[in-house]
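Take a look at the structure below.
Residue numbering restarts at 1 for every chain, and letters A, B, ... go by the order of the sequence lines.
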2 protein chains.
Amino acid sequence: MKTKSTTELNDTIYKVEQICKSNKLGLTQIRRQVFEIIVKNNKPVKAYEILDEISNINDKSSHPPTVYRAIDFLIENGFVHKLNSINSYVGCFHPKANKECYFLICKKCNIYQECCDDSLKDRISKTAVHHNFVISNTTLEIEGHCLDCNQK
Amino acid sequence: MKTKSTTELNDTIYKVEQICKSNKLGLTQIRRQVFEIIVKNNKPVKAYEILDEISNINDKSSHPPTVYRAIDFLIENGFVHKLNSINSYVGCFHPKANKECYFLICKKCNIYQECCDDSLKDRISKTAVHHNFVISNTTLEIEGHCLDCNQK
DNA sequence: ATAATATATGTTATGTTATAACATTGCAAC
DNA sequence: GTTGCAATGTTATAACATAACATATATTAT
């Protein structure tokens, strides 16, 4: 699975900054730090891993609520997604473009890919309609093995 | 959302008993109790709720591993599914028929429905193929509101 | 029947993930 | 400059889950 380039990472961070600016969302230092930790990791990150990194960066120990609050902010605004199946967080590489994101998670190398194609989205929404159900939030996480790991 | 009838519940329990018998799976007392608690609740159940009920039934306090081990057995054999988005467990009403199950979960009344249609399954598997990905496990949980709750 | 083995359960302790509740700070608007 | 609000700090604890080892129960081979 292809990892993200530095350019992609910086673009993503820049994009989020712009969105926050134009929407008057307070991208405070901590929120920014948490976001950077998540996107730069390039793999799903755990809340307590973020907590450790934040503590290191700022040279003083932080507490869980600090991190969870930042994560909440980032999720609310579509900059980060939670992978429920592995209690981890990942950056969104097309913030605001998709409300819903679907993921492929490689169990071996732990790298993930977003797979938000419309046909899948359509299929899910048709399923909901068929059951008279109004969607507020969808979790689709496909675990397995990516091409690289499968060939090894 | 329609709840399950007593007949359906009993059928499900009976079916699981038969599957265990013919596959030489030890459906021990605790495993059976945990399964019954899950299916009879008719809504997603939390591990510690099960723990309480088990303790009541058996008139002595049980410990978390007892419940989690039973859950593991039931999940491994396809009798129960975990809803990762809400850390809860639900019974499967067509055990063994589907390896993967997809769910609609009403945030208001907390009732859930399975929605394992083939077209959805196909779409997901096509998505995986398209990304050169081999699926081992899929989590699809659609949260929102069911017809009844929406009309209120 | 009995020993050997495997399977399941009991028990204690602890690890991991997440939030409640309240105090404090920083900053903008009046 | 004080009121109000958003964000953060801090303490404590809730909620979810497993490791590790002891004991019991079932299965099987002899």
Might you list the N or O atoms of the protein lying below 3.5 Å from N or O atoms in nucleotides 15-19 of chain D, with each pair's distance?
from   : atom 1 : to      : atom 2 : distance (Å)
D:dC16 : OP1    : B:Lys46 : NZ     : 2.8
D:dA17 : OP1    : B:Lys82 : NZ     : 2.4
D:dA17 : OP2    : B:Tyr68 : OH     : 3.1
D:dA17 : OP2    : B:Tyr89 : OH     : 3.2
D:dA17 : N7     : B:Tyr48 : OH     : 2.9
D:dA17 : N6     : B:Tyr48 : OH     : 3.4

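- Atom NE2 of A:His63 and atom C1' of C:dT24 are 13 Å apart (whole Å).
- Applying the side-chain hydrogen bond (donor to acceptor under 3.5 Å, both in side chains) test to residues at least two apart or on different chains, the pairs with a partner in residues 57-72 of chain B are B:Gln33-B:Asn58.
- Residues B:Phe73 and B:Cys20 share a closest heavy-atom pair of CZ-SG, 4.4 Å.
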Applying side-chain contact (heavy atoms from CB on, under 4.5 Å) to A:Thr12 and A:Phe35, what does each step give before you reach the verdict? CA-CA 10 Å; A:Thr12 302; A:Phe35 183 63; 4.0 Å; yes

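- Atom C1' of nucleotide C:dT11 and atom CG of B:Leu51 are separated by 13 Å, given to the nearest angstrom.
- Counting heavy atoms from C-beta outward, A:Ile71 and A:Lys82 have side chains that stay 4.5 Å or more apart.
- When the C1' atom of C:dA18 is taken as reference, atom CD1 of A:Ile71 falls 10 Å away, rounded to whole Å.
- Note: CG (B:Asp59) to C1' (C:dG10) measures 17 Å, nearest angstrom.
- With hydrogens and angles left out, the side-chain atoms of A:Asn41 and A:Glu53 include a donor and acceptor closer than 3.5 Å.
- A:Lys46 places a side-chain N or O within donor-acceptor distance of the main-chain N or O of A:Ile86, the cut-off being under 3.5 Å.
- For the pair A:Asp148/A:Cys109, no side-chain contact is recorded, criterion being any heavy-atom separation below 4.5 Å from C-beta on.
- Per the geometry, CD1 belonging to A:Ile54 stands 14 Å off C1' belonging to D:dG9, to the nearest Å.
- In this structure, NZ on B:Lys21 lies 10.0 Å from CG on B:Leu27, to the nearest 0.5 angstrom.
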Any N/O pairs under 3.5 Å between the protein and nucleotides 6-8 of chain D? List them or say none.
from  : atom 1 : to      : atom 2 : distance (Å)
D:dA7 : OP1    : A:Arg31 : NH1    : 3.1
D:dT8 : OP1    : A:Thr28 : OG1    : 2.5

